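Here is the structure we will look at.
Below, read A as the first sequence line, B as the second, and so on, with proteins coming before strands; counting in each chain starts at 1. Given the structure is predicted, the values throughout are model-derived calculations rather than measurements.
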Number of protein chains: 2
Amino acid sequence: MPTRDRDRAQRAEPAGDSPDPGRTPTIHDVAARCGVAASTVSRAFSRPERVNPATRQRILSIAAQMGYHPNPIARALPSGRTRTLGLLVPDITNPFFLDLIRGAERAAATAGYTLVLADTEETSQQETTVVDRLTGAVDGFVLASSRLSDARLREVYAKTRLVVVNRRVRPVPGVLIDSATGTRQAAEHLASLGHRRIAYLAGPRASWSDARRWRTLQAVARQRDLSVVRIGPLAPTVEAGVAAADAVVLNDVTAVVTFNDLLAIGVLRRLRARGVDVPGQVSVVGCDDIFGADFCHPPLTTLTAPIESAGRSAVDLLLSLFDGDEPGAPPRQDVVLPTRLTIRDSTAVAPTTGPDRSAQDRAGPVSAAH
Amino acid sequence: MPTRDRDRAQRAEPAGDSPDPGRTPTIHDVAARCGVAASTVSRAFSRPERVNPATRQRILSIAAQMGYHPNPIARALPSGRTRTLGLLVPDITNPFFLDLIRGAERAAATAGYTLVLADTEETSQQETTVVDRLTGAVDGFVLASSRLSDARLREVYAKTRLVVVNRRVRPVPGVLIDSATGTRQAAEHLASLGHRRIAYLAGPRASWSDARRWRTLQAVARQRDLSVVRIGPLAPTVEAGVAAADAVVLNDVTAVVTFNDLLAIGVLRRLRARGVDVPGQVSVVGCDDIFGADFCHPPLTTLTAPIESAGRSAVDLLLSLFDGDEPGAPPRQDVVLPTRLTIRDSTAVAPTTGPDRSAQDRAGPVSAAH
DNA sequence: TTGAAAGCGCTAACAG
DNA sequence: CTGTTAGCGCTTTCAA
């Protein structure tokens, strides 16, 4: 049988190429061709230093000319290492995750890992299913904006390597984009521009960042004697922003801070449609600085979040977990990434006409929306 | 040894939970607990119809309470099926691919497949490496805007399942976004608006779509007696668009058609900075209708491409290859997706002042750019 | 430094 | 319908 392979190959390819045409060569084919044991070929690839340089050289070159490539699956079975990472996002549709994916993919690629991408469609159910299906197929997970409960997250952490993004669940290591400082800057920016009454368009109820942002906003409001009204929770989408814009007008504020840029873009769209001038009548501050925030109209003042860095950090943190730690190991230092305010054209001094006056100005359109 | 596991489990967990704490249960643990052969447990999961409903029921419920999940790697080794697909894109950074990824992910998820995502960084080298590394770890590949040569693509196709997007390489099955009809519409739209002199900002040299678009443009130009000037090849990025905008002005045209929206957005940005009114002085037509095309300023007239559909189709086509066909099987029908022109605010009637006059108008800024 | 042998966890004939 | 028996292709002791 092995003889047959050999003969065929010799006849077909003088240079000595693939043995049995159609079948991908295995470690044994290479071993046979080299006159060494299979285990030696294995070592030549996975532990090159433990094999004689001369033999290694020969094995490698013969393998190359046979078109041999180690089978990653077969490799993973005994070793338990797949060199693959799972990245779960709640909604690929959201450009925020594009940047996250990008950062994660790059960090993974740099480390020689491959990324498995899954969309959990905003449900903890799907998330659980995917995690279960992928466990064993990946060396670890990055869960971005997970919808799982703290308890479930801890369970998962107990049986596999895990990093969460935008979530703080001890002892699961996490990457947090800290919008607090940025939010504070934003609020003070608005206060300095003379805004006294601000609306906050809230994100999904379960969002850690949303809670923090709202708390910060309230704190600044107290200090600077502003009044902030919370509108939401809202889906983090352009459509929700469009819808919420009417509530903004109704609430008679001179500035809006939104949970994310998608909402802000929706607000901009709707305000423009209603003839409300931004930033003349209303100032808008977004969050994240996603693709598009700089070329929408007007260009958006927003909290620039290091999203790509977050993706990169999450993968790096996950990878660092592989060095010695057991699953469920003692807590690691969380990575906290700062945000900063990027001022563009959607914010300006509050209209000199007070809120009440401007409310009158807009009486027509407002009632029209009813 | 098996007895030990059993005893432990019984002692630790009255309900009969995981055997050896810390070790994930295997098919054998479940089999032992159920008093059946391992192969029966295997069948209960992979071929439920070939096992007695009662036994299956018992196995499934015991497995569930033991927290057993089939190990995907171990499953893949003998079966050769990983239920995983590889998606390779040249540049995750490009939002075009976000939509493609989205469509592919959805189609894959629907079919119960998982997506492995890789960025080839625009190099055929990286692409080859990734393909080699992933071969065997995925059931097939979708290569989007591949940078591989036709020959290499055929080679890959000979040893694994493969679908290309935006590429026509017989006999490799492909999904093509046919911008020809859309481009024709765009050109005629401009012609009807009175534009006589049009610039085309070309994309990467190797792009199949770019070649087709340019040809179509020339054809229409001949028919409608327009003159078109080709600028490029250009990287398909906002930055390249910014840079090319100056060339556009210099070429003294009244309309620009760009290879993609990123270029168009860059042109818009630069033109605005230079005080050239769009669409008053110059009309701009993009291509693809990516996220942002509808809210940039002014909202972009563009060829709406069914990008997400393309991703979905590519995966569906790939999956269809699994039904019976051998790798390297006879050619399949390519999927051709049409584009259509979406008219927004970046196009308008050509300025009544002829090209020459308007060139004079802009003499200052033009020379300033020199 | 190299070889032989025993699996990794599961699937897939083939009997029964 | 279920059990037995071989592997899938590779890694990994353990000896030599």
Side-chain angles (χ1 to χ4, degrees), chain A residues 1-2 5 18-20 23-60 63 66-83 132-137 139, chain B residues 1-2 5 18-20 23-60 63 66-83 132-137 139:
Chain A
M1 217 30 175
D5 285 359
S18 50
D20 185 4
R23 206 170 60 79
T24 38
T26 76
I27 212 173
H28 292 102
D29 301 321
V30 178
R33 201 53 145 281
C34 296
V36 300
S39 50
T40 304
V41 177
S42 170
R43 281 188 210 104
F45 281 92
S46 41
R47 276 162 162 56
E49 72 284 3
R50 291 203 201 166
V51 67
N52 182 304
T55 9
R56 187 205 322 156
Q57 221 23 275
R58 235 187 56 254
I59 293 174
L60 259 32
M66 288 176 77
Y68 167 79
H69 292 282
N71 177 328
I73 297 293
R75 215 167 198 189
L77 192 48
S79 69
R81 308 295 304 276
T82 62
R83 296 196 73 79
D132 284 345
R133 180 153 51 88
L134 254 37
T135 299
D139 291 343
Chain B
M1 220 23 179
D5 285 358
S18 49
D20 185 3
R23 205 171 60 78
T24 39
T26 76
I27 212 173
H28 292 103
D29 301 321
V30 179
R33 208 39 152 286
C34 296
V36 299
S39 52
T40 305
V41 177
S42 170
R43 281 187 210 104
F45 281 91
S46 40
R47 274 161 164 58
E49 73 284 3
R50 292 203 199 165
V51 69
N52 183 304
T55 8
R56 187 205 322 157
Q57 223 19 279
R58 238 190 52 256
I59 293 174
L60 258 31
M66 289 176 76
Y68 167 79
H69 291 281
N71 177 327
I73 297 293
R75 216 167 196 188
L77 192 49
S79 69
R81 307 296 302 275
T82 61
R83 297 196 71 80
D132 283 344
R133 180 153 51 90
L134 254 38
T135 299
D139 291 343

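- With sequence neighbours excluded, the residues satisfying side chain to side chain contact (heavy atoms under 4.5 Å, CB included) with A:D139 are A:R81, A:T82, A:L85, A:Y113, A:F322.
- Smallest separation of non-hydrogen atoms from B:A63 and B:V30: CB-CG1, 4.1 Å.
- To the nearest 0.5 Å, the span separating OG1 on B:T135 from CD1 on A:I73 amounts to 11.5 Å.
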I'd like a table of atom pairs between the protein and nucleotides 4-8 of chain D - only N or O on both sides, under 3.5 Å - with the distance next to each one.
| residue | atom | partner | partner atom | Å |
| --- | --- | --- | --- | --- |
| D:dT4 | O4 | B:S39 | OG | 3.4 |
| D:dC8 | O2 | B:P78 | N | 3.0 |

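- Rounding to the nearest 0.5 angstrom, the gap separating the CE atom in A:M66 from the OG1 atom in A:T24 is 10.5 Å.
- Of all heavy-atom pairs spanning B:P25 and B:G67, the tightest one is CG-O, 3.8 Å.
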Donor-acceptor pairs are to be reported for all side-chain atoms of residues 41-48 of chain B against protein atoms at under 3.5 Å, with residues two or more places apart or in another chain.
| residue | atom | partner | partner atom | Å |
| --- | --- | --- | --- | --- |
| B:S46 | OG | B:S42 | O | 2.8 |

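- Rounding to the nearest 0.5 Å places CG of B:N52 at 10.5 Å from CD of B:Q57.
- Here B:S42 lies in heavy-atom contact (under 4.0 Å) with a base.
- Interatomic distance, B:Y68 OH to A:D132 CG, rounded to the nearest 0.5 Å: 12.5 Å.
- Distance A:F45 CZ to D:dG9 C1': 13 Å, rounded to the nearest Å.
- Nucleic acid contact for A:V36: sugar-phosphate only, since backbone atoms but no base atoms lie under 4.0 Å from a heavy atom of the residue.
- When rounded to the nearest whole Å, the span between CD1 of B:I73 and C1' of D:dT11 equals 14 Å.
- The two atoms that bring B:G136 and A:P72 nearest to each other are C-CG, 4.4 Å, heavy atoms only.
- Of the residues in residues 49-59 of chain B, B:R50, B:V51, B:N52, B:T55 come within less than 4.0 Å of DNA chain D through at least one heavy atom, sorted by number.
- Minimum interatomic distance between B:I59 and B:C34 (heavy atoms only, all atoms of both residues): CA-SG, 3.8 Å.
- Of all nucleotides in DNA chain C, those with any atom nearer than 4.0 Å to a heavy atom of chain B start and finish, going 5' to 3', at C:dG9 to C:dA13.
- When the C1' atoms of four end pairs are superposed on the next four at each end of the helix from C:dT1-D:dA16 to C:dG16-D:dC1, using five pairs per end, the two resulting axes differ in direction by 30°, to 10°.
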